[in-house]
Structures are given as C-alpha cells and as structure tokens.
2 protein chains.
Amino acid sequence: MEASRLFAERGYHGTSTRDIAEKVGMRQPSIYSHFATKHLILAELLDADLVPARARIRAALDLPAPVAARLHAYLQVDVAAILSLPYDVRGLYNDDVLRAPELAEQARRRAEIHDLTRELIDTGIDGGELVPFDTSFVQHAITGLLLEVVRERGATPSTAPAARALDVADFVLRALLLDAKLLNDVRARAGALVPHITALAAPHPEHAGA
Amino acid sequence: MEASRLFAERGYHGTSTRDIAEKVGMRQPSIYSHFATKHLILAELLDADLVPARARIRAALDLPAPVAARLHAYLQVDVAAILSLPYDVRGLYNDDVLRAPELAEQARRRAEIHDLTRELIDTGIDGGELVPFDTSFVQHAITGLLLEVVRERGATPSTAPAARALDVADFVLRALLLDAKLLNDVRARAGALVPHITALAAPHPEHAGA
DNA sequence: GCGAAAAGCTATCGACCTATAGGCTAGGAG
DNA sequence: CTCCTAGCCTATAGGTCGATAGCTTTTCGC
C-alpha cells in the first residue's frame, strides 16, 4: 500500500479511509477487503519499517568491531534504508496512535529498537570510546535527528540519500567520539561494516508472526 | 488555555473540542465564546512558543561574539525555555496542520526561525569556526533534536531542564566545532551570553499584531 | 467453459465532529 | 434598581467518520 503515505503527510487521524481509497483508485468500503480495520493499515506500514530496523540494530550489536565504527555504520545504513522507502514512515511516529491497543506490538518493537540503541551507546561509553553523555539523551537525540532529517525529504531532497546518510553518521559521531581525530579511522572501519549490516538485515524471510 | 496540552499528546486531529472542553471544565460549545474556531486555539498555543523563540534566535544573531558561543548559548536558552512551558508545544509541529491556511502566519513564523538559524550556522561555517556540513542538514538536525528531546519530557523527566539544556548545546557544538578543544572556551563564553539572550527575548511587550 | 473465491461496487448505519442559534445568569456601571 | 455585557448553558444543524451488508464482477484452477 505504497499510496498510504497520506498517513505520513496528514497524520493518522487526519487521513480518512476515503482519502486512502481515492489515492489508490477505489471506493472507501473496498479498502476493507484488504484490511480489517484502519489501524491494521498503519500497522503494516509501521512493520515494514520497524522489522528491518530492528534487524539492523541487532546486526550492529553483534558485529565484532569498535562501538564507534558500528554506530557510524548503523546510522548510515539506517538513514539510507529509511530514505529509500517509498513513503515517509517516520512521519507516523509522532502521533499518539502508537499507544492504541491495536498497535501495541508495533509500540513494543519500537521500544525494543530504542533499548538496543541505548545498549550500543552504553557499551561505547563504558569502553571509553564515547563521551559520557546521558544514554537516554543520546538515544532521543539520534531518534529526533533521524525523524527530522527524513522529514526533510518530503520537502526538498537537497542531497543524495547516501550523502545525507554520511552527514547524519558523521554528525552523531563527531558529537560522541571522545577523540575527534579518530573520525577518519571510524569512517573507514564503518565503511567495511556497512555491507555486513545490510546483509544481516535484509534476507530474513519473515515468518509473518501472529 | 494551559490544559490544551491535549493537542500535544493526541495531535490536532485526534483532539476534539469536546475533549478540550472537558479538560477545562465546560461544555463543548462554550469553547466558542473564547475562540472563533478550533484552529485559533492551536494558533494561540503555537504563538506562545514561536514568538519568544523568534526573539531568541534574533538576539543570538545580533550579539557580538563568536558564532560557536552564540549557538551554544542560544541552544541552552531555547531548550530551557521550551522545557519550562506548561505544555509540550513541540508535539504540535509534526502534524501537517501547519499547512492549513488558517495557520499560515504561524507557519511563516516557523520558517523565519529556521531561516535565521541557518543564517547563524552559515556565518559560523564561513568564518571557519564550524565544520562545513550542509547548512540545511544542520538546521534540520537541530530541529529534530529539540523536538525529540522535549518530547522525552512527557515520559520520563530524567534530568533537570538546565542539565538537559547543556546536554543539547554540548552535543550540537561537539558535532559542529572544527576544533573540539575549544569546547570549554565556547561554554564559558556562552555562559556569559545566556543572560543577554534571555533578556532580549523576554521583555518585548508584543503589540499583538493583525 | 465452469464454478468458486477474490475483490470491487452501492447503500447505509450509528457515532462523532465542528460550529451556530438562542436563552439564562451573574456582576459592574450609571 | 436597571441595563448591559460577558460567559455559560441546551439543543441542534449539517457533515464526515469507520465499518457492515449484500450484490456484482473479475480472475483463475481445472
């Protein structure tokens, strides 16, 4: 349901099932041949982002490499993946809709991604690689950065996805690296990790759970 | 209308005038004794944030000091000011509601703030103080960071506002400063600027324009 | 070709939405 | 004491919402 980027533009409550139907060229009740409820439409869009995203951060946590390089690579892959999605999924995470009981599973997935992100950052701080910022603050900062950078895409895609992905990764690692001189080294190591994260995140066949 | 933080929690479309009325202890139609339309309720909340925010970035642009110090001070004051608001205004900027013609003035104000932010960053890059990131990217990064850090407040106010304000300012300047060793110096200069920005931003009597 | 399932349609329901109409009341000015 | 205004009320208009019922069309294995 690619055309359901309406959710991203107008928000869940601001988008009616009639709007969606018109965008995909059918009548409103026909939507219900494909989705039992409006919430499930959003759930499918969210899962299309959350499931690969969780696979990416898990891959970054498992790789044997310094935290800084893993974080840099993860951010690159994440931004690139999000920017390559046909719709602006990140625009959905603002609404409180995630608190709806029907979307509890998606909310849990998102929380899990945040937990794993904090875990990676914590490891980096404990290992003396990263500046000892408050871990929760850093996680929120990264989330906000991703959210807004991706929202920029809707307006003026001023830069190529790969370049913007590097911008994000560089920005965060400049902020977090204890020794700024290591950035070039981190970048080089991260470049080597990128294929591994991409590989580990993509091929999961997804057994389409409950 | 302090109790209208409902907009922030549920989004504009997700909040009905009945919800608002109930929160302030009246019946739904009585709202219309105070506001002609639902949009104007949101407009007032937005202005309460946007007008002082614009004054702050203008103050930061006018002060005679290095860009890095002005940016650091601006971010501190901005985060502290936003966190001290009784409602989570930033939660409102996600919806597309800002594109509604009734809120065109608020959208313009917000764009102006973004323009002024870019101007400050550009000055810093041209002057060799800041890393030559894409200016638009940096503005979006800052916006996203502010948005999300403030949203954190709603859940777990893990840290005091002043400390979180310093976190944000430090994070951004570590990312942007060409010479990371200057951070302590920047922080000291910024500390001296904070009162000036606060002073220039607050006392504007506001002649309540058209 | 044929029959069943998948997917679309029209019609409509009941709930909820923003906003208006018009009346009641409390409090200050004269 | 009277009048006027501000602020609240009830009632309701007029429209949109998500979702269901039941019929028709398209698709496709055989």
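In this text the structure is predicted, and so the values were computed from the model without any measurement. Reminder, nothing fancy here: chain letters follow the sequence lines and each chain counts from 1.
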Quiz item: When every nucleotide of nucleotides 8-15 of chain D is labelled 5' to 3' by its protein contacts under 4.0 Å (heavy atoms), B for base, S for sugar-phosphate only, - for none, what sequence of letters results?
Solution: BBBB----
Quiz prompt | Worked check of side chain to side chain contact (heavy atoms under 4.5 Å, CB included) between His72(A) and Leu166(A) | solution = CA-CA 8 Å; His72(A) 194 279; Leu166(A) 261 178; 3.8 Å; yes
Exercise. Nearest whole angstrom, please: distance from the C1' of dA15(C) to the CG of Asp19(B).
Key: 14 Å
Quiz item: Hey, what do you get for NE2 (His34(B)) to CE (Met26(B)), rounding to the nearest 0.5 Å?
Solution: 3.5 Å
Quiz item: With a 4.5 Å heavy-atom cut-off, do Phe35(A) and Thr17(A) have their side chains touching?
Solution: no
Quiz item: Taking the six-membered ring of Tyr93(B), is NZ or CZ of Arg110(B) closer than 6.0 Å to its centre and within 45° of its axis?
Solution: yes
Quiz item: What's the CD1-C1' distance between Ile31(A) and dT16(D), to the nearest Å?
Solution: 16 Å
Quiz prompt | Interatomic distance where OH belongs to Tyr32(A) and P belongs to dT10(C) [whole Å] | solution = 17 Å
Quiz item: How far does CG of Leu98(A) sit from CZ of Arg109(A), to the nearest 0.5 angstrom?
Solution: 11.5 Å
Quiz item: Any side-chain N or O of Ser16(A) under 4.0 Å from OP1/OP2 of dT16(D)?
Solution: no
Quiz prompt | Check: Tyr12(A) ring centroid to His13(B) ring centroid under 6.0 Å | solution = no
Self-check item: Footprint string (nucleotides 22-29 of chain D, 5' to 3'): B base within contact, S backbone only, - free, heavy atoms under 4.0 Å
Solution: --------
Quiz item: Between atom CZ in Phe35(A) and atom P in dA6(C), what is the gap in whole Å?
Solution: 16 Å
Quiz item: Should the heavy atoms of other residues, nucleotides or ligands under 6.0 Å from CZ of Arg189(A) be counted, would the total exceed 12?
Solution: no
Self-check item: Evaluation steps, side-chain hydrogen bond (donor to acceptor under 3.5 Å, both in side chains), between Thr143(A) and Gln139(A)
Solution: CA-CA 6 Å; Thr143(A) 303; Gln139(A) 181 259 308; 2.9 Å; yes
Quiz prompt | d(CD, Glu22(A); P, dG8(C)) in whole Å | solution = 16 Å
